[in-house]
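Right, one structure below, let's go through it.
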There are 2 protein chains.
Amino acid sequence: MNKTIYDVAREAGVSMATVSRVLNGTAVVKDETKAKVQAAIEKLGYRPNAVARGLASKRTKSIGVILPDVSDLFHAEVLRGIEDIATMYQYHIILTNSDAREDREVDLIGTMWEKQVDGLLFISEQITPKIVKTFEEAQLPVVLCATEDPEHRIPSVAIDNKQAGLDATNYFLNLGSDKIVFLGGPTSQPVTMKRLAGYEQALKDAGREFDSNYVLHAKDSHYRSGYEVSNAFLNEGFTADAVVATSDELVLGYLNAVRDRGGKAPDDVLLLSFENTRLTTIVRPELTTIAQPTYDLGAVAMRLLTKLLNEVSIEEYTVRLPHSILERTSTKR
Amino acid sequence: MNKTIYDVAREAGVSMATVSRVLNGTAVVKDETKAKVQAAIEKLGYRPNAVARGLASKRTKSIGVILPDVSDLFHAEVLRGIEDIATMYQYHIILTNSDAREDREVDLIGTMWEKQVDGLLFISEQITPKIVKTFEEAQLPVVLCATEDPEHRIPSVAIDNKQAGLDATNYFLNLGSDKIVFLGGPTSQPVTMKRLAGYEQALKDAGREFDSNYVLHAKDSHYRSGYEVSNAFLNEGFTADAVVATSDELVLGYLNAVRDRGGKAPDDVLLLSFENTRLTTIVRPELTTIAQPTYDLGAVAMRLLTKLLNEVSIEEYTVRLPHSILERTSTKR
DNA sequence: TTGAAAGCGCTAACAG
DNA sequence: CTGTTAGCGCTTTCAA
């Protein structure tokens with residue numbers, strides 16, 4: 001399998017430049033010679049060496065994906081969207097986990113440069129000035145995916161998180177809920193803060209009082225953290241009739257904390273979360289969610305990146321994907 | 001950032017070969033010159049071009065991962081294990097989804113060769129002769145991960161699935177269960193068949209009768225398929241007091257089919273599954289599982305691959321990771 | 001429509 | 001301990 005373009009050229013009785021041309025379609029080749037070359041390729045089982053190609057052409061057809069953690073279901077689903085579109089455009093994915101640590105992220109952007117990726121898809125919790133600076137130094141086309149950059153310095157694909165927070169809260173207000181818990185990640189997460197802003201706005205619009213006791217910040221978006229912070233909340237004697245949570249796992253943390261106390265959903269508390277991962281239909285009650293188009297977030301981001309790479313004119317660098325509320329049993333009494 | 005090794009050499013007043021040496025530590029360099037070179041690297045913000053490196057050295061420090069679907073939680077967790085160890089050894093991951101389709105897999109192995117990956121980590125449902133042939137043609141070091149090759153032609157890391165099936169079934173027999181359902185993927189999956197063999201063995205050892213009505217094959221390992229096949233089973237009027245399922249999602253399918261009929265677990269049926277993804281502790285009841293060391297499956301496979309790549313002597317090409325039963329509430333009455 | 005030749009940025013002999 | 005010199009396998013001018 002270690003044939004080179006020279007072997008093919010010799011076999012076909014043409015020059016290697018011609019082989020390169022039929023391989024890439026970069027120039028017109030007479031049908032007859034093209035056929036000869038293709039026959040030679042077939043016969044030898046030749047495959048072009050992508051590394052040599054990358055060095056000569058300065059385009060590797062690979063794109064780097066930096067995300068906090070693939071084993072997080074939300075990221076994994078986004079990644080699947082990225083990968084499908086990448087495959088469609090003949091790009092390969094180089095994947096790395098950052099654990100959302102800025103130092104790792106900076107480092108990874110650098111090694112992505114070394115790998116000569118054509119572009120970068122970046123998923124994280126926050127875009128710090130240092131990250132922006134690193135992007136600039138690396139001179140790589142970047143698209144943020146499901147990631148908020150409040151200053152919109154970088155092309156991005158996400159939903160309108162403030163509006164989504166508002167919609168979620170209004171949904172409960174319309175249902176007549178009185179005490180609505182907001183359960184999110186840490187205050188350092190712009191995504192959480194945007195949704196919280198929507199929550200506050202909705203309460204304000206409805207003339208309701210904002211009670212900070214009802215805003216819960218878990219230390220991350222995972223089940224365990226949601227469970228812990230919910231437990232603490234309930235232990236203090238607070239109760240709520242509805243919960244808006246920023247991730248599917250977080251809301252399940254709340255649910256199980258309630259269950260530990262003999263409570264049930266939706267009977268005792270209505271639940272709504274944000275991600276719409278497959279968890280939502282696997283668990284009981286099935287979870288009402290703000291349906292983020294998880295797969296599409298990745299797919300659209302990848303598509304935007306291909307446009308940047310091919311210098312196709314782009315109408316909008318900050319893409320907002322629509323969200324909607326999917327009503328399931330966790331909010332049906 | 002597009003400096004070359006020549007720029008560094010000029011800046012440091014040495015030859016490019018010397019720069020290469022300090023970069024790779026491939027030969028002794030006088031401390032003094034080394035310091036000069038490092039200063040120049042620092043000053044210019046130089047980063048080596050991994051593509052050029054790969055072409056010249058014929059080693060790309062990247063390894064290909066081919067798996068059915070990243071958005072499947074089990075695969076995602078395995079992948080995280082792979083990635084962490086890869087990072088530790090300075091390898092990068094090129095990730096692709098095959099949807100477990102043989103034609104895609106064959107194709108992907110080819111493009112992985114084009115990318116000149118140093119090795120391959122392969123996760124799939126079955127290893128067909130065609131796949132083995134493709135591995136051979138590609139002449140790439142391969143390690144199978146959480147994947148059964150009944151003939152052990154290829155290095156692999158997995159648990160002992162037959163033994164695990166046996167243990168799971170015995171667990172229920174000891175609990176006094178009478179009718180035990182085996183709920184697996186399609187019969188084409190060696191993993192399912194191995195576990196089923198263990199199930200049958202356990203029944204036989206206990207002098208129990210084997211009833212094929214109690215063996216359910218879902219069309220894949222996902223929740224939906226588990227739900228469907230369980231529904232069909234229950235609709236026919238069958239009942240069971242215990243279920244051994246080959247994936248966490250499958251068992252939840254059974255659980256919800258039971259719930260739809262007003263049943264509960266563990267009250268009406270005991271449940272056990274195989275993967276031990278994070279689902280097991282998120283849902284209620286928490287699921288008793290055969291704890292596959294999901295993360296370790298990936299981590300150990302990657303480690304084995306690095307050994308192959310560095311021609312370190314290897315004791316065992318077929319690594320069996322230990323499994324155990326984690327008892328949770330789904331089997332506690 | 002085709003071929004010759006010059007790199008792409010680096011590693012790895014081979015000298016010295 | 002360091003420099004010179006071939007390539008690695010391809011793309012891409014430039015001519016013809």
Side-chain angles (χ1 to χ4, degrees), chain A residues 1-38 40-41 44-62 90 110-118 139, chain B residues 1-38 40-41 44-62 90 110-118 139:
Chain A
M1 212 145 172
N2 32 18
K3 315 274 179 227
T4 76
I5 200 169
Y6 284 99
D7 298 317
V8 177
R10 194 178 318 117
E11 179 73 29
V14 300
S15 79
M16 49 106 72
T18 301
V19 177
S20 176
R21 286 183 189 110
V22 343
L23 238 32
N24 300 297
T26 47
V28 194
V29 177
K30 208 202 299 177
D31 280 352
E32 192 188 337
T33 25
K34 191 186 285 182
K36 277 195 298 186
V37 169
Q38 271 156 350
I41 288 174
L44 299 178
Y46 167 78
R47 277 181 172 271
N49 178 325
V51 175
R53 247 175 170 170
L55 182 60
S57 69
K58 301 184 158 301
R59 303 200 293 103
T60 53
K61 282 299 211 175
S62 66
Q90 320 250 53
T111 59
M112 287 297 184
W113 183 90
E114 291 187 3
K115 285 280 177 182
Q116 302 289 105
V117 296
D118 293 342
Q139 299 191 63
Chain B
M1 213 147 169
N2 32 16
K3 315 273 179 227
T4 77
I5 201 170
Y6 283 100
D7 298 318
V8 177
R10 193 178 320 116
E11 179 72 30
V14 299
S15 79
M16 50 106 75
T18 300
V19 177
S20 176
R21 285 181 191 111
V22 344
L23 239 31
N24 300 296
T26 48
V28 195
V29 177
K30 208 205 295 178
D31 280 353
E32 193 187 335
T33 23
K34 191 186 286 181
K36 275 194 299 185
V37 171
Q38 272 156 351
I41 289 174
L44 299 178
Y46 167 79
R47 276 182 172 270
N49 178 326
V51 174
R53 247 177 170 169
L55 182 59
S57 69
K58 300 183 156 303
R59 302 201 294 105
T60 54
K61 280 298 208 176
S62 67
Q90 320 251 54
T111 58
M112 286 298 183
W113 183 90
E114 291 186 2
K115 285 281 176 180
Q116 304 287 108
V117 296
D118 293 341
Q139 298 190 63

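Just so we're clear, the structure is a prediction, and the values are computed from it rather than from any experiment. Proteins come first, then strands; the chains are lettered A, B, ... in the order of their sequence lines, and each starts at number 1.
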Hey, mind stepping through B/T111 and A/K61 against side chain to side chain contact (heavy atoms under 4.5 Å, CB included) and telling me if it holds?
CA-CA 12 Å; B/T111 58; A/K61 282 299 211 175; over 6 Å; no
Starting from the C-alpha separation in whole Å, work towards a yes-or-no answer on side chain to side chain contact (heavy atoms under 4.5 Å, CB included) for A/N49 and B/Q116.
CA-CA 7 Å; A/N49 178 325; B/Q116 304 287 108; 3.3 Å; yes
Would you please test B/T18 and B/K36 for side chain to side chain contact (heavy atoms under 4.5 Å, CB included) and show each step?
CA-CA 11 Å; B/T18 300; B/K36 275 194 299 185; over 6 Å; no
Assess whether side chain to side chain contact (heavy atoms under 4.5 Å, CB included) is satisfied between B/Y6 and B/V19, documenting all intermediate values.
CA-CA 9 Å; B/Y6 283 100; B/V19 177; over 6 Å; no
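Note that the first and last nucleotides of DNA chain C, 5' to 3', having any atom under 4.0 angstrom from a heavy atom of chain A are C/dT1 to C/dG9.
Atoms CG (A/N24) and P (D/dT13) sit 13 Å apart, rounded to a whole Å. Rounded to a whole Å, the CG atom of B/L55 is 14 Å from the P atom of D/dG7. Atom CE in A/M16 sits roughly 11 Å away from atom P in D/dC8 (whole-Å rounding). Computed from coordinates, the A/R21 CZ to D/dT13 P distance equals 11 Å when rounded to whole Å. Residue A/Q116 contributes atom CD, which lies 15 Å from atom C1' of D/dT11 at whole-angstrom precision. Per the geometry, CZ belonging to A/R59 stands 17 Å off P belonging to D/dC10, to the nearest Å. Nucleotide D/dT2 holds its P atom 15 Å from the CD1 atom of B/I5, rounded to whole Å.
Residue-level contact check: B/V51 touches neither bases nor backbone, having no heavy atom under 4.0 Å from any strand.
If you find the closest nucleotide of DNA chain D to B/D31 and to B/A52, the one lying nearer the 5' end belongs to B/D31. Summary of the strand contacts: B/S57 and B/A27 both lie near DNA chain D, and taking for each the nucleotide with the nearest heavy atom, the more 5' one is attributed to B/A27.
For B/K58, the listed nucleotide lying nearest its side chain is D/dC8; candidates were D/dC10, D/dC8, D/dC1.
A sub-4.0 Å separation between OP1 or OP2 of D/dG3 and a side-chain N or O of B/S15 is present. In this model, the phosphate group of D/dC8 is not approached by any side-chain N or O of A/N49 to a distance below 4.0 Å at OP1 or OP2. A sub-4.0 Å separation between OP1 or OP2 of D/dG3 and a side-chain N or O of B/T18 is present.
Between B/K115 and A/S62, the shortest heavy-atom distance links the atoms NZ-CB, 3.7 Å.
Note that the CG atom of A/L44 and the OG1 atom of A/T4 stand 9.5 Å from one another [nearest 0.5 Å]. Rounded to the nearest 0.5 angstrom, A/R53 CZ and A/T60 OG1 are separated by 12.0 Å.
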